[in-house]
Amino acid sequence: MWRDDLRGMLYIALKDLRAYYFKPPNISWGILFPFAFVLAFAIRNPGELRGLVPGLLALTVLFGTSSMEAIVIVFERRIGALERLVLAPVRLPALLAGKLLGGMVFGLTVTLVVLVAVLGAFGAGGVHWLLLILTLLTSAATFAALGAFVSVAVKEVFEAQTLANFIRFPMMFLGGVFVPVASLPPGLQVVARLLPLTYAVEALHAALAGGSSPEAALDLLILAVFAIVLFALAVRVLAQRLD
Amino acid sequence: MMNDVIRVAQLTKHYPAARGALPVRAVDGIEFAVREGEVFGFLGPNGAGKTTTVRMLTGLTRPTSGSACVLGFDLMTDATRIKKRIGVVPEMSNLYDELSALDNLVFSMQLYGVPRCERRARAEELLARFRLSEKRDTPFAKLSRGMKRALTIAAALAHRPLLLFLDEPTTGLDVVSARNLRQMIADLRDEGVTVFLTTHYLEEAERLCDRIAIIVRGHIVALDTVEGLKASVEGRTTVEVTLADGNGTVRTARFEGENVAAAVQAALAQATANGQHLLAVNTGRPTLEDVFVQLTGLSAEVMLAEKGKT
Ligand SMILES: Nc1ncnc2c1ncn2[C@@H]1O[C@H](COP(=O)(O)OP(=O)(O)O)[C@@H](O)[C@H]1O
Ligand SMILES: [Mg+2]
C-alpha cells in the first residue's frame, strides 16, 4: 500500500507538471508577478532594494507554489479527472500530496530562477545555504498545502483564485515583505504572527544575512506546523466533498 | 460460491435532503451477485441508481448501509486492494485533455504500478486494439466522442483488471461507434474479463448481457438471464407462421405452445393436414421490452425518453 501511495504521489506530480505547469505562459507569469510587486514598491522607495530580497523570494515561493496548484485541483475536480485518481489504488492523502509536490516543484523552480538573478545582482557572500534551502523547502510545502486547502474548499476556478488572493494579499502586506513586522502597529503585529508568510520572510532574512539563529529554527518549525495542519484539513475537506 | 466476483447485501445509499426536498434513496437495499466471466447488466431508467451503485462498488462513495464484497475483498475495509484489480469507465470520459492518447494510457499504467518495461508495449497494443494507433500523439481533447470513449476504456484496461465497470458506455455515441463498442465488450467477455455494465438501452442489455438486473428507483425488481426474464413473463410461446396453399394464396396464422418447438410443430401439423406449406416462421416471444413493461409497470418510453435527454 505504501509503495502504491508513493508511486501514485510521484506520478501524479509528474503528470501535473507536464500537463499544466511547465507551459510557457505559466512560467513567465509565476516569475513576473512577485517581481512586478517588488519593483513597484522599490520605485516608490528607492535605495532599500537589498532589504526587499527575502520578501521577494518569499512571495515568489508563495505565488509559484499555490497559484497554479489551486487552479489545477479545482479544474480536475470539475471535469471529473480527479475521480480518476481517486479510483486508482492511491489513498487520498497520497493523492493530495502528489498535487502538493507538483506545486512545490514548480514554485521552487521559479524561485531558483529568481534566486540566481538576485544573488547575481547583490552577490552571494554571507548566505547560510543550509538554512536557505531548508526555508525554501518548508515554505514551499506550507504554501502548497495552503493552495490545496483553498482549492478543496471551493467549487469553481475563479472562486479558488478569489479565495487564494483573499488570503495572499493581506499576507503580502502584513508578512514583512515590504515593511518589517516590528514596525507595524501592535494589533497588526499579532495578526502578522498568525500568517505563515511572516515566518518565511523572517527565516529568509536570517538565511541571507548568514545568521542561523534559534529564531530561524523556530520559524521553520512553525512553518512546518502550518504545513501539516493545512494539509490535514485539506485531506479532510476533500474526503467530504468527494463522497 | 467462490466464483462470485461481486456479492452485494442490503446495499443502500441515501443522500441527505436538499433544501425543501426529501432525502433521496438513490439505492435502497439491493442484493445481487456477479459471477466470474459474465457480462452482468444493470438496466434501468435515468435516476434509477445505476451510477450510485457503481460509485459505491468502486470506492468513490461510501454506502449508507449494507455490505459488498468485490473480488474477495470487503469494500468497507479493503477498498485499495479492490481498486488495484478493477477497471472503471465512468459515464463521462475523463482522461486528461492535455495529454496525448499514448501518454494518457502510460499515466494510467504508472498509477496502477504496471512495470516500466511493459508500459510502452501494452499502450501500443491497446491503441491498436481500439483502432487509435494513428491518434497515438493526438491530445485527448482533439479526439472524437467515440474515440474518447474508446480511449477511456483502453485506459481502464491498462492494468489488466479482472473486473471492468462500464457506466452507460454507449450513451451519446453515434450508431457506428456504439456498435464497435459493443463488439469490444463482447470480445472482453471472450477473454474472461468480468463486465459490470449499466445501461438504459433494452436492446443493448439483451444483446450483450449474460444476466440482467432491472433496477427501478433504487430497487432491483428482477434478476435473471434474458431467457429467464422472458420466461418469467409469459408461460407460453407464440409463433406467427406464413402459409401458402396449392393456389398460391398466402395467409398468416398464430400458434401457441410451451416453447418454440412445440408451437412450430402445431403449425406444421395443421399445415400438412390442410395441404399448405410453411413460407416463414416468426417467433412471437416476449421481448425484453415486454418484460420491462410488465415488471416495472413503466412504459418502455421511459427508457426511450431518456435517450433524447442525455
Ligand atoms: N450526489 C448526489 N446528491 C444527491 N442526490 C444524488 C446524488 N447523486 C445521485 N443522486 C440522486 O440519486 C438518484 C440515482 O442517481 P443515479 O445513481 O445517478 O442514477 P442513474 O445512474 O441510474 O441514472 C437520482 O435521483 C439522483 O438525482
Ligand atoms: Mg447514471
Side-chain angles (χ1 to χ4, degrees), chain A residues 1-27 68 71-99 101-102 106 155 157 235-236 238-243, chain B residues 13-16 51-52 54-64 73 77-100 103-116 119 139-141 148 152 155-156 158-159 161 164-165 167:
Chain A
M1 298 257 253
W2 280 102
R3 278 191 54 189
D4 287 327
D5 285 340
L6 271 178
R7 188 183 52 230
M9 180 177 109
L10 186 71
Y11 282 121
I12 288 169
L14 282 174
K15 188 270 298 167
D16 279 357
L17 288 166
R18 268 186 67 191
Y20 308 113
Y21 288 97
F22 284 111
K23 302 238 163 120
N26 299 332
I27 296 172
M68 271 299 282
I71 295 171
V72 166
I73 295 177
V74 181
F75 173 74
E76 288 203 344
R77 241 175 80 206
R78 272 203 71 83
I79 65 167
L82 201 68
E83 290 207 333
R84 254 201 116 59
L85 305 178
V86 181
L87 283 169
V90 181
R91 284 174 289 185
L92 207 54
L95 190 166
L96 205 61
K99 294 283 168 198
L101 190 61
F106 178 72
K155 279 215 172 76
V157 172
V235 171
R236 272 192 72 155
L238 183 61
Q240 285 168 4
R241 293 282 157 117
L242 285 172
D243 196 43
Chain B
K13 179 77 185 184
H14 292 179
Y15 289 108
T51 298
T52 305
V54 170
R55 288 175 59 87
M56 285 192 282
L57 292 178
T58 56
L60 276 180
T61 193
R62 287 191 150 274
T64 308
F73 297 106
T77 56
D78 252 343
T80 307
R81 289 207 174 79
I82 295 173
K83 287 174 178 178
K84 223 179 147 100
R85 293 164 175 84
I86 61 173
V88 186
V89 180
E91 263 178 304
M92 296 222 294
S93 299
N94 62 354
L95 295 183
Y96 296 97
D97 276 349
E98 297 79 6
L99 298 184
S100 69
D103 288 343
N104 265 303
L105 293 180
V106 170
F107 177 57
S108 284
M109 287 185 244
Q110 291 170 334
L111 276 185
Y112 285 86
V114 175
R116 183 189 298 271
R119 286 176 207 153
F140 182 68
K148 281 185 176 173
T152 310
H159 57 291
L164 182 68
F165 288 87
D167 196 0

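Per chain, numbering begins at 1; letters A, B, ... match sequence-line order.
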Given side-chain contact (heavy atoms from CB on, under 4.5 Å), test A:Arg84 with B:Val88 step by step and report yes or no. CA-CA 9 Å; A:Arg84 254 201 116 59; B:Val88 186; over 6 Å; no

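Pairing each heavy atom of B:Phe107 with each of A:Tyr11, the nearest pair is CE1-O, 3.4 Å.
Counting non-hydrogen atoms of neighbouring residues, nucleotides and ligands closer than 6.0 angstrom, the CZ atom of A:Arg18 reaches no more than 12 such neighbours.
Top candidate by heavy-atom pairs under 4.5 Å with chain A, chosen from B:Ile86, B:Ile82, B:Leu60, B:Thr61, is B:Leu60. If you tally non-hydrogen atom pairs under 4.5 Å between each of A:Arg7, A:Arg3, A:Met1 and chain B, the highest count goes to A:Arg7.
Both the backbone and the side chain of B:Tyr112 have a heavy atom closer than 4.5 Å to some heavy atom of chain A. For A:Asp4, the part sitting under 4.5 Å from any heavy atom of chain B is the side chain, from C-beta outward, and nothing else. Contact of A:Ile12 with chain B is made through backbone and side chain together, with heavy-atom distances under 4.5 Å. Proximity to chain A (any heavy atom under 4.5 Å) is shown, for B:Ala155, by both the backbone and the side chain. Residue B:Asp97: no heavy atom, backbone or side chain, is found under 4.5 Å from chain A.
For the salt bridge (Lys or Arg N to Asp or Glu O under 4.0 Å) criterion with A:Asp243, the lone passing option out of B:Arg62, B:Arg55, B:Lys13 is B:Lys13.
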Can you give each donor-acceptor pair under 3.5 Å made by side-chain atoms of residues 87-97 of chain A, sequence neighbours left out, with the distance rounded to 0.1 Å?
{"residue": "A:Arg91", "atom": "NE", "partner": "A:Asp5", "partner atom": "OD2", "Å": "2.7"}
{"residue": "A:Arg91", "atom": "NH2", "partner": "A:Asp5", "partner atom": "OD2", "Å": "2.6"}

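Rounding to the nearest 0.5 Å places CD of B:Gln110 at 7.5 Å from CG of A:Leu14.
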